[in-house]
**Student:** 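Below is one structure. I have some questions about it.
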Amino acid sequence: MIVAIDGPAASGKGTLARRIAADYALPHLDTGLLYRAVGAARLAAGGDLGDVSAAVAVARTLDLAKFTEEALKAGPVGEAASRVAAIPEVRSALLKLQQDFARQPGGAVLDGRDIGTVIAPDAEVKIFVTATPEARAERRLRELLDRGETVTFDDVLADIRRRDERDAGRGAAPLKQAPDAVVLDNTLLDKDQSWLVAVAIVERRRAETGT
Ligand code: DC
């Protein structure tokens with residue numbers, strides 16, 4: 001069974017994907033980490049984030065093991081990831097790795113922006129997780145403050161809106177709901193409630209598809 005979980009920044013799709021993967025004993029790939037790693041490497045090199053050939057070279061030889069999740073989740077890396085993710089050649093360089101992960105025997109859970117539309121259009125389960133920008137900013141703010149970063153709600157909200165616009169407005173594999181995805185709006189739900197809704201969606205699709 002392939003479970004595709006897509007949604008905008010800080011929608012809680014990563015937490016959901018990890019939990020669903022554990023419940024069904026499936027391997028999980030947070031595909032945002034791939035774009036974050038490319039962005040982090042370009043930031044570390046001090047180069048121009050719009051430099052296509054430099055970003056593509058990083059994507060082609062990407063080794064996620066060289067990055068800690070902590071470093072990849074830092075505030076400025078999200079924005080850098082969104083910039084390099086808009087480069088079609090960077091997306092192509094990361095395509096096979098993601099498709100191979102999705103198609104491994106037994107299935108997998110992947111979360112990102114284009115899993116249900118581009119990476120695994122044949123996924124048995126597609127969930128589009130979303131919440132208002134304000135609710136997402138509130139959650140991301142708490143995360144960043146817990147990590148010791150100095151940020152304000154307004155900064156985080158502006159960052160989320162900018163990323164939403166870029167991720168949804170780009171030509172290459174934009175963030176959008178697959179026509180056959182089930183929407184899970186968790187603006188008014190806590191993590192456990194979101195998870196219960198997601199499990200119900202998975203179970204319904206398992207019954208429908210016989211997986
Ligand atoms: O999910 P995230 O915030 O970790 O993702 C970081 C950025 O990577 C996001 O702004 C857009 C990009 N991304 C993408 O374009 N496609 C994916 N499948 C996953 C992430």
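We count ligands from 1, going down the list as the structure has it; atoms in each ligand are counted the same way.
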**Student:** Considering only heavy atoms, which protein residues lie less than 4.0 Å from any atom of ligand 1?
**Tutor:**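 Within 4.0 Å of ligand 1, protein side: K13, T31, G32, Y35, R36, A81, S82, A85, R91, G112, R113, D114, R163, D167, R170.
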
**Student:** Does the side chain of H28 reach to within under 4.5 Å of the side chain of L110, using non-hydrogen atoms?
**Tutor:**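 When only atoms from C-beta onward are counted, L110 and H28 do not touch, as no gap falls below 4.5 Å.
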
**Student:** When you check the gap from the basic side-chain N to the acidic O, do D155 and R140 get nearer than 4.0 Å?
**Tutor:**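 So D155 does not pair with R140 through a salt bridge.
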
**Student:** My understanding is that only residues two or more places apart in sequence, or in another chain, count here; which of them pass side-chain contact (heavy atoms from CB on, under 4.5 Å) with R142?
**Tutor:**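 side-chain contact (heavy atoms from CB on, under 4.5 Å) check on R142 returns E138.
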
**Student:** Quick one, V38 and V56 - any side-chain contact, counting heavy atoms below 4.5 Å?
**Tutor:**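 Not touching, per the 4.5 Å side-chain cut-off.
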
**Student:** Let me have the donor-acceptor pairs involving side chains of residues 4-15, under 3.5 Å, with sequence neighbours excluded, atom names and distances please.
**Tutor:**
{"from": "D6", "atom 1": "OD1", "to": "R113", "atom 2": "N", "distance (Å)": "3.2"}
{"from": "D6", "atom 1": "OD1", "to": "D114", "atom 2": "N", "distance (Å)": "3.1"}
{"from": "D6", "atom 1": "OD1", "to": "I115", "atom 2": "N", "distance (Å)": "2.9"}
{"from": "D6", "atom 1": "OD2", "to": "I115", "atom 2": "N", "distance (Å)": "3.2"}
{"from": "D6", "atom 1": "OD2", "to": "G116", "atom 2": "N", "distance (Å)": "2.8"}
{"from": "S11", "atom 1": "OG", "to": "P8", "atom 2": "O", "distance (Å)": "2.9"}

**Student:** For T61, check side-chain contact (heavy atoms from CB on, under 4.5 Å) against everything at least two apart and list the hits.
**Tutor:**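 side-chain contact (heavy atoms from CB on, under 4.5 Å) check on T61 returns nothing, list empty.
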
